[in-house]
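These figures come from a predicted structure and were not determined experimentally. If you read the sequence from its start, that first residue is 1, and numbering goes on from there.
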Amino acid sequence: MAPSRPEVLTLFRSLLRTARQFTDYNVREYAKRRTIDGFRKNRELADPSAISSAFTEGKSQLEVAKRQAVVYSLYTPKVKSIMET
């Protein structure tokens with residue numbers, strides 16, 4: 001069964017929230033850009049099985065991003081990036 005629109009929007013917002021948790025500017029912007037680009041690419045999907053597959057892939061990417069945010073927070077650089085000042 002294909003996910004509902006609110007479920008998809010919740011996944012989108014969760015991915016963006018997780019992207020904000022990255023301490024490094026470049027990684028944070030990359031995660032945000034990849035999320036937006038991925039959802040734009042899949043916007044036109046009409047087949048319920050393709051939608052379900054993309055949703056499942058998004059959920060697995062969310063779990064990976066959450067783990068990576070924790071790892072990156074453990075090894076934060078001592079000096080801020082020039083983009084963050």
Side-chain angles (χ1 to χ4, degrees):
M1 185 167 121
S4 65
R5 181 174 170 82
E7 289 175 319
V8 172
L9 291 175
T10 299
L11 176 63
F12 180 71
R13 285 191 296 268
S14 295
L15 283 162
L16 289 178
R17 264 189 237 110
T18 302
R20 283 196 310 242
Q21 293 176 358
F22 286 102
T23 54
D24 184 75
Y25 172 81
N26 292 323
V27 176
R28 186 172 52 244
E29 290 300 311
Y30 171 75
K32 187 171 91 172
R33 186 176 63 246
R34 183 169 170 166
T35 298
I36 293 169
D37 290 346
F39 274 80
R40 281 185 184 151
K41 182 184 88 171
N42 292 325
R43 179 185 290 171
E44 302 301 322
L45 291 178
D47 180 32
S49 64
I51 294 171
S52 182
S53 171
F55 184 75
T56 303
E57 176 64 24
K59 286 177 76 171
S60 69
Q61 289 299 318
L62 175 62
E63 294 305 315
V64 169
K66 284 180 179 180
R67 286 193 302 270
Q68 286 300 109
V70 170
V71 170
Y72 272 86
S73 72
L74 295 174
Y75 302 103
T76 56
K78 305 288 186 240
V79 180
K80 284 191 173 188
S81 167
I82 190 74
M83 300 299 289
E84 296 177 306
T85 57

Does Asn26 have any side chain to side chain contact (heavy atoms under 4.5 Å, CB included) partners at least two apart in sequence or in another chain, and if so, which?
Asp24
Applying side chain to side chain contact (heavy atoms under 4.5 Å, CB included), can you list everything that pairs with Ser73, at least two apart in sequence or on another chain?
none
Sequence-distant partners of Glu7, salt bridge (Lys or Arg N to Asp or Glu O under 4.0 Å), two or more places apart:
none
If hydrophobic residues (ILVMFWY) are linked whenever their side-chain heavy atoms come closer than 4.5 Å, directly or via other members, who joins Tyr75 in its cluster?
Val71, Leu74
Could you pull out every donor-acceptor pair under 3.5 Å between side chains of residues 57-70 and any protein atom, sequence neighbours left out?
| unit_1 | atom_1 | unit_2 | atom_2 | d |
| --- | --- | --- | --- | --- |
| Glu57 | OE2 | Gln61 | NE2 | 3.0 |
| Ser60 | OG | Glu57 | O | 2.8 |

Using atom types as modelled, flag every donor-acceptor pair under 3.5 Å from a side chain in residues 46-55 to any protein atom, sequence neighbours excluded.
| unit_1 | atom_1 | unit_2 | atom_2 | d |
| --- | --- | --- | --- | --- |
| Asp47 | OD2 | Ser49 | OG | 2.6 |

Please check if Val8 and Leu15 belong to a single hydrophobic cluster, counting links between Ile, Leu, Val, Met, Phe, Trp and Tyr side chain heavy atoms closer than 4.5 Å.
yes
Examine Phe39 and Ile36 and state if one hydrophobic cluster contains both, with Ile, Leu, Val, Met, Phe, Trp and Tyr joined whenever side-chain heavy atoms are less than 4.5 Å apart.
yes
Heavy-atom count around Arg34 CZ within 6.0 Å, excluding the residue itself: above 12?
no
